[in-house]
Amino acid sequence: TDGPTCQSVVGQDSVEVLGHSFPRDHFTNVTPKVLSKVGRNLHNQAHHPLWLIKERIKAHFYSAYTGRWGTPLFSVHDNLSPVVTVEQNFDSLLIPPDHPSRKPGDNYYLNRTTMLRAHTSAHQSEMVRSGLDAFLLAGDVYRRDEINASHYPVFHQMEGVRLFSSHELFSKVKNGEELSLFESGGRRTPHKQEMHTLEAVKLVEFDLKRTLTRLVTHLFGEDLEVRWVDCYFPFTHPSFEMEVRFQDDWMEVLGCGVMEQELLNSSGAGNKLGWAFGLGLERLAMVLYSIPDIRLFWSQDERFLKQFRVQDIHQPICFQLLSKYPPLHNDISFWLPGSRGSEEGRESFTQNDFYELVRSVGGDLVEKVSLVDEFTHPKTGRRSLCYRIVYRHMEHTLTQQEVRLIHQQIERAAEVELGVQGRY
Ligand code: FA5
Ligand code: MG
C-alpha cells in the first residue's frame, strides 16, 4: 500500500490479473502457468462437469429450502474475483499471523497483501457483513500442492453458510422460548465454544449434518457410504470432515463446522449462530461421474466435454473414460544446494518449489511426482534426492523421445532455478 503507484508498468515490476495491476515484492510467487487459469471459470462454463455439479447443488438448495413466501432461502454467488486480500483469506477467518497455512510455499501471492484465494471461505466474513443469512458461493481456488490424480493447483470449491437467530433455531422445539443461544461463564469443550449453549450448538450441528447428508444423497442416491470425521479449522468449532467411499477408499469431500462466534461478532451478526461448509467440486464430480484424474477437468477434448452436454441437469450422465494411454516414468536425482542448516537461516530447497517447476515445464503431461529415494553422503553430509516423474498424455500415447525432451528441460531448469546439482 505504501509502494510506488505503478500506472503503466507491465511485466517486470507488476503482475497483471483480470485487468488489474499488482506491484511485485518479495512475496510474489504466482507463475504464468497458474495465472493462465485465472478467468477460465470452469464452474461458469455451461455444461462443463463442474458447472453441472454446481447447478445441481443450486437446484437442490433452491427447492429443498424455501422461505415463508416460497422464495429460495439460499442466495447463490459464483462470480466473485479469486483475487483477495491476505486479510480476507486468513485474518478475517481468525487464522493467526504465524499460522503455517500462510506459507508462501503453499499459496500463490501476488504480493505481500494480495493473493489468489486458497479457499472460498475467504468471502465468509464480507458476505455475512453484507447482511446475508444463507448463501452458497462457488469459485476457483489456488494452492501450491502436491501433484497426483486428486490434487491440482487450481480447483473449485462451493462454500455454504447458514445463520440462525434464536427464534429460527428454537421455534420448532417444544418450549423453545425458554432456550437461549448464548450463556456466560461457559467453557470451551471439544463439543462447543465457550459462549454457546450446548442445546443451541447441538441443533446447529444437527442441521448442518442433515443438510449435507441430504445434499450428497440427492446427488449420489441412497447407496453412497458416508462417514464424519472430527477435525480442526481456526474458523469453526466443532469442526468435521465428510468422507465418501470411492474406489475402495475413503475420500474427503468437504470440511465444515459451527462458525466461530468471534467471526460473526466482527461481521455484524453477533446475535446469531451459524454453520459453514466448504466442499471440493472436483472431488464430488470425480465420485459422481467416475472421473479418475483431476486434470481431465481442464481438457478441451470434445470427447470429454460432449458427454456432459445434457438437456436437463438432472439427466443421468454415463461417463465413458477416454481410453487411458500408457504412462511413462523417468527419475531425476540431484544434490541439494549447500548443506543442511545453511547460514542464511532459510531453507534453500522446498519440495513445493520443485513440484511447481516440474508442473510449469511438464504441464499437464505430468501425472505424478513422488520422492523415491533420499541419500546423505557419509563424508560430505550432502543430501541427494531422487524423484520419480510419471508422464501421461490424456489423448495419445507418449513416446520415450517426447518424454526425454521434457525431462531434460526439467533437469536443466532444476539446476538453474533451484540451484541443485544434477546427478544425471
Ligand atoms: C477448506 O478449504 C475450508 N475452507 C473448508 C471449510 C469451509 C471448513 C467452511 C469449515 C467451514 P480443505 O482445505 O480441507 O478446507 O478443503 C475443503 C475441500 O476442498 C476438501 O474436502 C476437498 O474436497 C477439496 N480440496 C482440498 N484440496 C484440494 C486439492 N488440492 N484438489 C482438489 N480438491 C481439493
Ligand atoms: Mg481438508
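Computed over heavy atoms, backbone and side chain alike; hydrogens, waters and symmetry mates excluded. Atoms within a ligand are numbered from 1 in the order they appear, just like the ligands themselves.
With a 4.0 Å heavy-atom cut-off, ligand 1 is reached by no atom of S239. Proximity of I294 to ligand 1, defined as any heavy-atom pair under 4.0 Å, is confined to the side chain (atoms from C-beta onward). By the criterion of a heavy-atom distance under 4.0 Å, the side chain of D145, and not its backbone, is placed next to ligand 1.
A salt bridge does not link R283 to E252: none of the charged nitrogens lies less than 4.0 Å from a carboxylate oxygen. With respect to R188 and E260, a salt bridge is recorded, a charged nitrogen being found less than 4.0 Å from a carboxylate O. Between R117 and D140 there is a salt bridge, since a side-chain N of the basic residue sits under 4.0 Å from a carboxylate O of the acidic one.
Remark: H167 NE2 to E177 CD distance equals 10.0 Å, nearest 0.5 Å. If you take CG on N107 and CG on N89, they are separated by 6.5 Å, rounding to the nearest 0.5 Å. The CD atom of E243 lies 11.0 Å from the CH2 atom of W228; values are rounded to the nearest 0.5 Å.
Not a single heavy atom of E282 lies less than 4.0 angstrom from ligand 1. Heavy atoms of L284 stay at 4.0 angstrom or farther from ligand 1. Not a single heavy atom of M251 sits under 4.0 Å from any atom of ligand 1. Heavy-atom separations between A118 and ligand 1 are all 4.0 Å or longer. Look at M242 and you'll find every heavy atom at least 4.0 Å from all atoms of ligand 1. By the 4.0 Å heavy-atom criterion, F235 is counted among the residues contacting ligand 1.
In this structure, Y152 has its ring center closer than 6.0 angstrom to the ring center of W298. Between F354 and F334, the ring centre distance stays below 6.0 Å.
Of the protein's non-hydrogen atoms, E159 OE2, 3.3 Å is the one closest to atom 9 (C) of ligand 1. Closest to atom 13 (O) of ligand 1, if we only count protein heavy atoms, is R143 NH1, 2.8 Å. From the protein, the heavy atom lying nearest to atom 14 (O) of ligand 1 is E252 OE2, 3.1 Å. Here the heavy atom of the protein found nearest to atom 6 (C) of ligand 1 is G255 O, 3.6 Å. Atom 16 (O) of ligand 1 has its closest protein heavy atom at Q157 NE2, 3.4 Å. In this structure, atom 23 (O) of ligand 1 lies nearest to the protein heavy atom V253 O, 2.9 Å. For atom 22 (C) of ligand 1, the closest non-hydrogen atom of the protein is R283 NH1, 3.5 Å.
Within a 6.0 Å radius of CZ in R227, other residues, nucleotides and ligands contribute more than 12 heavy atoms. Atom NZ of K58 has more than 12 neighbouring heavy atoms from other residues, nucleotides or ligands inside a 6.0 Å radius.
No N or O atom of G278 sits closer than 3.5 Å to an N or O atom of ligand 1. Between Q124 and ligand 1, a contact under 3.5 Å exists for no N or O pair. Taking distance alone, with nitrogen or oxygen atoms compared against 3.5 Å, S121 approaches ligand 1 more closely than that limit.
A cation-pi arrangement, defined by a distance under 6.0 Å to the six-membered ring centre and an angle within 45 degrees of its axis, is absent between R383 and W335. Cation-pi geometry between K37 and Y142 is not met: the NZ or CZ atom fails to fall both under 6.0 Å from the ring centre and inside 45° of the normal.
Of the candidates G280, G160, S150, it is S150 that places a heavy atom closest to atom 31 (N) of ligand 1. Closest heavy-atom approach to atom 28 (C) of ligand 1 among the candidates F155, F233, F277: F155.
Applying the 4.0 Å criterion to heavy atoms of H151 picks out, from ligand 1, the atoms 29 (C), 30 (N), 31 (N). Those atoms of ligand 1 with a heavy atom of L254 less than 4.0 angstrom away are 21 (O). Against a heavy-atom cut-off of under 4.0 Å, T236 is close to the following atoms of ligand 1: 10 (C), 11 (C).
In summary, the side chains of T197 and E183 do not present any donor paired with an acceptor at a separation below 3.5 Å, with no hydrogens or angles considered. Side chains of N265 and S267: a donor-acceptor N/O pair is absent below 3.5 angstrom, by distance only.
The N, O or S atom of E252 lying closest to the Mg ion (ligand 2) is OE2.
Checked options H156, H151, Q157; the residue passing with E282 is H156 (criterion: side chain to side chain donor-acceptor pair (under 3.5 Å)).
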